[in-house]
Amino acid sequence: MNTDNLALNQLIKSNWPITTELIFYRNVANDIYFSKINDLEVVVRLTPSSQRSVSEIKSELNWINYLKKNSVNVCETVLSSQQNEIESINFLNQIYHVVIFKKVNGARLADRSLNLEVVKNWAHSMAQMHNLSETYSPLADSPKRKFWHKDSAFLKSLEAHDKSTEEIKIETLKICLLYT
């Protein structure tokens with residue numbers, strides 16, 4: 001384990017009782033790591049303060065908690081030792097907002113063949129979330145979430161396309177313009 005990973009592990013351990021080393025998974029707008037707290041598998045999300053403010057993340061968590069309270073199979077946060085859902089750390093001279101989630105059971109769609117049962121389950125979950133969005137009331141002081149097509153994570157993923165996916169990029173941008 002390199003020095004940076006060791007330092008990051010220590011910073012996370014100072015706020016949560018993780019019991020295994022962080023395993024890097026991916027980066028888009030957030031750095032995502034896997035770890036454990038005893039036998040509990042967790043997902044560690046580090047969001048640069050340049051991407052989202054604490055209040056924006058609190059808004060996201062409020063929505064996730066609302067879904068969880070209404071029986072949607074979504075992730076659940078693990079409170080820090082200070083009993084917070086979010087902790088901010090200074091890592092490599094940048095402020096990151098850290099949230100740890102209990103890993104949700106299931107498999108990534110990319111890891112499974114797309115079949116009728118998967119599509120039905122996906123549609124059911126989307127419909128359930130859509131119906132709940134009709135009755136959801138954000139916190140009064142919550143900032144509105146950025147539109148998905150203006151979000152830095154989406155824009156960054158567009159930049160990652162190579163020449164072979166140029167047509168997909170053009171079609172995606174056309175769709176975005178329809179919803180602007």
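All values reported here derive from a predicted model rather than from experimental measurement. Only heavy atoms go into these numbers, but all of them, side chains included; no hydrogens, no water, no symmetry mates.
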Looking at [Y], is its backbone amide N or carbonyl O close enough to the side chain of [X] to form a donor-acceptor pair, meaning the two atoms are under 3.5 Å apart?
X: Gln94; Y: Phe91; value: no
X: Asn115; Y: Val118; value: yes
X: Trp16; Y: Ser81; value: no

task: Test side-chain contact (heavy atoms from CB on, under 4.5 Å) on Leu8 and Ile89 and set out the steps.
output: CA-CA 9 Å; Leu8 180 58; Ile89 61 170; 3.9 Å; yes
Rounded at 0.5 Å granularity, tell me how far [atom1] in [X] sits from [atom2] in [Y].
X: Ile32; Y: Leu46; atom1: CD1; atom2: CG; value: 8.0 Å
X: Tyr33; Y: Ile23; atom1: OH; atom2: CD1; value: 11.5 Å
X: Gln51; Y: Ile57; atom1: CD; atom2: CD1; value: 10.0 Å
X: Phe34; Y: Lys103; atom1: CZ; atom2: NZ; value: 4.5 Å
X: Ile37; Y: Lys13; atom1: CD1; atom2: NZ; value: 11.0 Å
X: Asn90; Y: Ile95; atom1: CG; atom2: CD1; value: 4.0 Å

Taking all atoms of both residues into account, what is the closest heavy-atom pair of [X] and [Y], and its distance?
X: Thr20; Y: Asn9; value: O-OD1, 4.0 Å
X: Ser14; Y: Gln82; value: O-NE2, 4.1 Å
X: Ser88; Y: Val54; value: OG-CG2, 4.0 Å
X: Tyr96; Y: Asp31; value: CE2-OD2, 4.0 Å
X: His97; Y: Ser49; value: NE2-CB, 3.5 Å
X: Ser35; Y: Glu21; value: OG-O, 3.9 Å

Have [X] and [Y] got a donor and an acceptor in their side chains that come within less than 3.5 Å?
X: Asn38; Y: Thr19; value: no
X: Tyr136; Y: Asn62; value: yes
X: Ser133; Y: Tyr66; value: no
X: Asn65; Y: Glu76; value: no

Which atom pairs, one a donor and one an acceptor, fall under 3.5 Å between side chains of residues 122-131 and the rest of the protein, sequence neighbours left out?
residue, atom, partner, partner atom, Å
Ser125, OG, Asn121, O, 3.2
Asn131, ND2, Ala127, O, 3.4

Is there a side-chain contact between [X] and [Y] in this structure, where contact means two heavy atoms from C-beta onward sitting under 4.5 Å apart?
X: Arg52; Y: Glu60; result: yes
X: Val44; Y: Leu22; result: yes
X: Val104; Y: Val43; result: no

message: Test side-chain contact (heavy atoms from CB on, under 4.5 Å) on Asn84 and Leu79; report intermediate values, then the result.
response: CA-CA 5 Å; Asn84 297 317; Leu79 296 179; 5.9 Å; no
message: More than 12 heavy atoms of other residues, nucleotides or ligands under 6.0 Å from CG of Asn105: yes or no?
response: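 Atom CG in Asn105 is not packed in, count stays at 12 or less.
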task: Under the side-chain contact (heavy atoms from CB on, under 4.5 Å) rule, what do Arg45 and Val98 come out as? Steps first, then yes or no, please.
output: CA-CA 6 Å; Arg45 183 180 88 170; Val98 183; over 6 Å; no
task: Test side-chain contact (heavy atoms from CB on, under 4.5 Å) on Lys36 and Ile18 and set out the steps.
output: CA-CA 6 Å; Lys36 285 188 175 184; Ile18 62 170; over 6 Å; no
Salt-bridge contact Lys58-Glu85 (side-chain N to carboxylate O under 4.0 Å):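 Salt bridge absent between Lys58 and Glu85.
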